[in-house]
Amino acid sequence: MGQSSQEKKIEFGQSPPDDRANRKKYQELLEKAEKLFQKEKFGSARHHFTEAQQIYPSEELQNRIHACEENAGRMALAQDLMRQGYQLEREKKLKDAFKTFQRSLEAWENREIRILAEKLQSKLPKPTLDPGFRLEAERRYAEAIERYKEVLEWEDNPQAKDRMGICLVKQGSYTEAAWLLEQSLSKDPEIRYYAGYALARLGHYGEALRQWEMIGQARPELNRQREKLLEIAVRDLLHRSRLEGEFESAYQEAVNLLSCYPALSLVRQCVRSMRLHHLEELWQQGKFEAILDFLSVRHPIPLQESGESEEFLPVILAKVYYRLAETNAEYLPEAITFWLTVIHNPKYLAPFNLRDQKDLPTAEGQDQLTLNLQQKLDQLIQHYKTRQKETGQKKSGQGEISLGKTRQGETRQRETRQEEEGRLKEILAHWEIEQMAVTFLREITQAQDPKPAQLRHALCTPAFAERFGHSSSILAILREVRPRWENDERFWIVGASFSAARMSLLLLQKDRVEEAMAALPAQKEDEFVNYCRQRIFFRLGMERLQKGETNLKKYFTQAVPLIQRFKEYEKEIIRLAQGIGDNQEKLISMDEVLQVLIRHITSSELLEITSYIMSYKANVLYSAGLIKVQDVERILKKALELHPGNEFARSGLQEMHSRQALEELTRALDKGNVKKAATITINAESDEAEEAFFDFIDVVLEELDSPLLDREKKILFLRDLYHQCERVDPSHPVLEDIAEELKDLEI
Amino acid sequence: MNPYRVLKIPKDATRQEIMQAVPLALQRKEFTAREIADAQKELMNPCTRKIAEFVYFLDSQTWTQEIQSEVKRSQDEIQGETSIQDLPLLHCFDKFQGE
C-alpha cells in the first residue's frame with residue numbers, strides 16, 4: 001500500500017477543548033480523519049482534519065493536513081501516469097509504457113502497477129551498455145547518458161552509473177557526476193580520476209585529491225596536475241575565506257586539504273594564514289570568546305593537527321585572556337598563565353620588540369618591555385583586589401543599614417562574599433606560583449654559565465608547561481642546574497610546580513593543607529615531590545602544634561630535611577616556641593617536637609629554645625603536681641646540658657634542691673631527729689631551710705617550759721640542741737637562749 | 001581603557017594626529033575629560049604606547065607577513081593566473097578515446 005500508513009498518527013485527547021460537546025465532536029472528527037487517512041482517502045481526511053483544526057487549532061493537525069495534501073498530489077500524479085501507461089500499452093508502445101509505469105511507481109507505490117510493469121519488462125529486450133560505449137567514444141555524451149539511464153531504469157548497474165558519471169564530467173555537470181562517482185566502489189583509475197576532477201571543479205579540493213591519491217603516483221601527468229590543483233586550491237581558498245560568509249566553508253575545506261597533506265608547508269601556511277586573518281577579524285569585532293571557541297582551547301586539541309603554530313597561539317591567547325579578564329575574573333587564571341609566559345619568553349615577545357624598530361632589540365629593551373607588561377598584569381590583579389575590598393566594605397555597610405532584612409538573606413550575602421574571597425585567594429596563589437616559576441627560570445637562564453639555551457626557549461609558567469607538555473623537559477634542565485641553585489628554596493618550589501606535585505603545591509599555597517596532602521602523588525624518588533611532601537608535613541605539624549595536639553613526631557621527622565636545608569623553617573618553630581605561653585598541652589607537644597628535631601639539628605638556637613621549653617614544661621607540670629621533684633631535677637639538669645646559659649633552669653634547679661631539703665628537714669623534724677635536721681640544714685645551704693630549722697627550735701624551747709619534764713633530761717636535751725644549733729649557725733641568737741636555759745637548770 | 005578607542009585613532013597615528021584627536025574626542029563627550037587626557041598621555045609616551053599596542057591590537061601581521069610571503073612565493077611559481085576553470089581534463093585514463 002501507499003506511504004501514508006507509515007506517517008505518525010495524532011494521539012487523541014492531546015490538549016482537547018474545554019467544552020464537553022466540542023471535545024466529543026473534536027475527537028470524533030479526529031478518529032474519522034485518521035481512518036480515512038489510513039484508507040488513503042486524503043481529500044476526505046483533509047476535510048475532517050480541517051474541521052477539527054477549526055475547533056482546536058494545533059501544529060500537529062496542520063502537519064496532518066499538509067500530509068493529506070502532499071499524498072493526494074502524489075497519488076493524483078501516479079494515477080495520471082498510470083492512465084498514460086495504459087494508453088501507451090494499448091498503442092503497443094511497450095517500452096514507453098514500461099517507463100511511464102516506473103515513474104508512476106516512483107510517485108506512489110501500487111502493487112497492481114508493479115505487477116504490470118514487471119510483466120511488461122519481461123516482454124521487452126534488455127538494454128545493454130554497448131550503445132552507450134559507442135556514443136561515448138564518438139563524444140556524444142548526452143546521448144550516451146540517455147543509454148546508460150535506460151540500463152539503470154532496467155536494473156541497478158554499477159558500470160552504467162560509472163560511465164554515466166564520466167560522461168557527466170565531460171559534459172560539465174560536476175555536481176551530479178561527483179554524486180554518482182563518489183558512490184562508486186570501483187578502483188578503476190579512470191573512475192577515480194573523473195570523480196576527483198568533478199570534486200575539484202566543485203571546490204572540494206581535499207576530497208578531490210583523496211580520489212587521485214587512490215590512483216597512485218605512477219602517472220607523471222597526474223602528479224603535475226595534482227601539484228597544480230594544490231596551488232589553485234590554496235589561492236582559491238585564501239580568496240574565498242576573505243569573502244563575506246564564505247570563511248567557514250573555505251576554512252573547513254582548507255583543514256580537509258591539510259588532513260590529506262599534513263606535511264605540505266604550503267597547505268599548512270594557507271591554513272595558518274586563514275586562521276590568523278579570521279582571528280584578526282574577530283579581535284577587531286571584540287569577539288574574544290569567539291576566538292577561544294575558534295581555537296578550541298576550551299577543548300584542547302593537538303597543535304599539529306590543527307595546523308597551528310606555537311609561536312602565535314600563546315601570544316593570541318595571552319592577549320585574548322587578558323582582554324576577557326579585564327571584565328571577568330573567571331578568565332584571570334588563564335590570563336596570568338599565558339601573559340607571564342609570553343612576556344618572559346623571548347621567543348614570543350621578540351617579534352613585538354623588533355617591530356617598529358630599525359635596530360635589533362637589546363637585552364635591556366627586552367627587559368624593559370617585559371617589566372612594563374608585567375606591571376600591566378599586576379595592575380589588573382590589583383584592580384580585582386581593590387574591587388573585592390570595596391565590595392566587601394559596601395556589603396558589610398549594607399548589612400548594617402538593612403537591619404530589617406531577613407537573616408537568611410544576610411547569610412546568603414555573606415556566603416557569596418566568602419566564595420568570592422576564596423576564589424580570589426585561589427587566583428592569587430596561582431599567580432604567585434606562576435610568577436615565581438617563570439621569573440626564577442628567567443634568572444637561571446641569565447645567570448647560568450654556559451646559559452641553558454633550551455631553557456631560554458622553554459621559558460614558561462608551570463600551568464603553561466602542563467598544558468603544552470613542556471614540564472618534563474623543564475624538570476630535566478632544573479635537575480642539571482641543581483648544584484648551583486639547590487640552596488635557594490625557589491629552586492624547590494619551582495621544581496615542585498613543574499612536577500607531579502603541582503596541584504598539591506597549589507593547594508598548599510592556598511593553605512588547604514589536608515587537601516594538599518590528599519593530592520600528593522605517590523612518587524618517592526622524585527626530589528621535587530619529596531620537597532612538597534616535606535612542606536606539607538611541616539605545615540600539618542605546625543598547625544597541630546599550635547592547637548596543642550600530641551604525637552607530632554611523624555610530621556617533623558618527615559620535615560627534618562627541609563628544616564635542615566632552610567633556616568627559615570627552624571626560625572618559624574623557634575618563634576612559635578617563644579610565644580607558646582604556659583599552656584600545659586602545648587608545652588608538652590612542643591617539647592616532643594623539639595626533642596625529635598635536636599636529634600638531627602644541633603644549631604645553638606634550636607638547642608637553646610629546647611632547653612627553655614624543657615624547663616618551662618618541668619615547672620608547669622611540677623606546679624600541677626603531675627611530676628615529682630626528682631623528675632624536675634632530672635629534666636632541668638638535661639636542659640642545662642643542652643644550654644648551660646639557661647638561667648631559668650639553673651635557678652629552678654637550685655629551688656628544687658632547697659625544696660627537696662625542706663621536705664627532708666620537715667620529715668626529720670616531725671620525727672624529732674634534730675641531729676639529722678641540722679645536717680640537712682647545713683647541706684641545703686638555704687636561708688629558707690635555716691629559718692625553718694630555727695623556727696622549729698623556738699617551738700621546742702617553748703615546749704620545754706612544761707613542768708612535766710624531768711630536769712636531767714631537759715639538760716641533756718638542751719645540751720644536744722645547743723650543739724646542733726651551733727653546727728647550723730654558731731652566731732644564731734637562739735644559742736644564747738638555750739645557754740641561758742641550761743644555766744638556769746644547772747643552778 | 002583602550003586609548004585608541006577613546007581617541008578614535010588608528011594604531012599608526014602620528015603624534016600630530018593624536019593631538020588633533022583630543023578636541024574631537026572632547027566634543028563627542030563619549031568619555032570624560034580625564035579619560036581622554038589619560039589616553040593622550042598613554043599614547044604620547046613611546047613606552048606606554050608600546051604596551052597599549054600590545055594589549056589592544058592582535059597584530060596578526062607579526063606572523064602573517066612570513067606566512068604570506070611563503071604562500072606568495074609558491075603562487076608565483078604557478079605560471080600565469082591559473083584558476084580551477086583552466087584545469088584541463090586529462091584523457092590518459094579514458095577507456096573510450098574519442099576521435
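Just so we're on the same page: letters track the sequence lines, and every chain starts at 1.
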Quick check on [X]: does its [atom1] atom have over 12 non-hydrogen neighbours (other residues, nucleotides or ligands) under 6.0 Å away?
X	atom1	answer
Arg28(B)	CZ	yes
Met19(B)	CE	no
Gln85(B)	CD	yes

Would you check if [X] and [Y] make a side-chain contact, meaning some heavy-atom pair closer than 4.5 Å?
X	Y	result
Ser83(B)	Asp236(A)	no
Tyr56(B)	Arg323(A)	yes
Lys95(B)	Glu136(A)	no
Asp188(A)	Phe93(B)	no
Phe54(B)	Leu369(A)	no

Taking [options] one by one, which has the highest count of heavy-atom pairs under 4.5 Å against chain B?
options	value
Lys319(A), Arg219(A), Arg163(A)	Lys319(A)
Lys376(A), Glu221(A), Glu280(A)	Glu280(A)
Ile166(A), Ile191(A), Leu222(A)	Leu222(A)

[X] portion near chain B, given a 4.5 angstrom heavy-atom threshold:
X	answer
Glu326(A)	side chain
Phe133(A)	both
Val267(A)	neither

For this session: With side-chain hydrogen bond (donor to acceptor under 3.5 Å, both in side chains) as the test, would you mind laying out the steps for Asp94(B) and Tyr193(A) before giving the verdict?
Result: CA-CA 10 Å; Asp94(B) 285 6; Tyr193(A) 172 74; over 6 Å; no
Exercise. Quick one: does Glu190(A)'s side chain have a donor or acceptor within less than 3.5 Å of a partner on His91(B)'s backbone?
Worked result: no
Seminar exercise, completed: Scored by heavy-atom pairs under 4.5 Å with chain A, the best of Leu58(B), Leu87(B), Val55(B), Ile84(B) is Leu58(B)
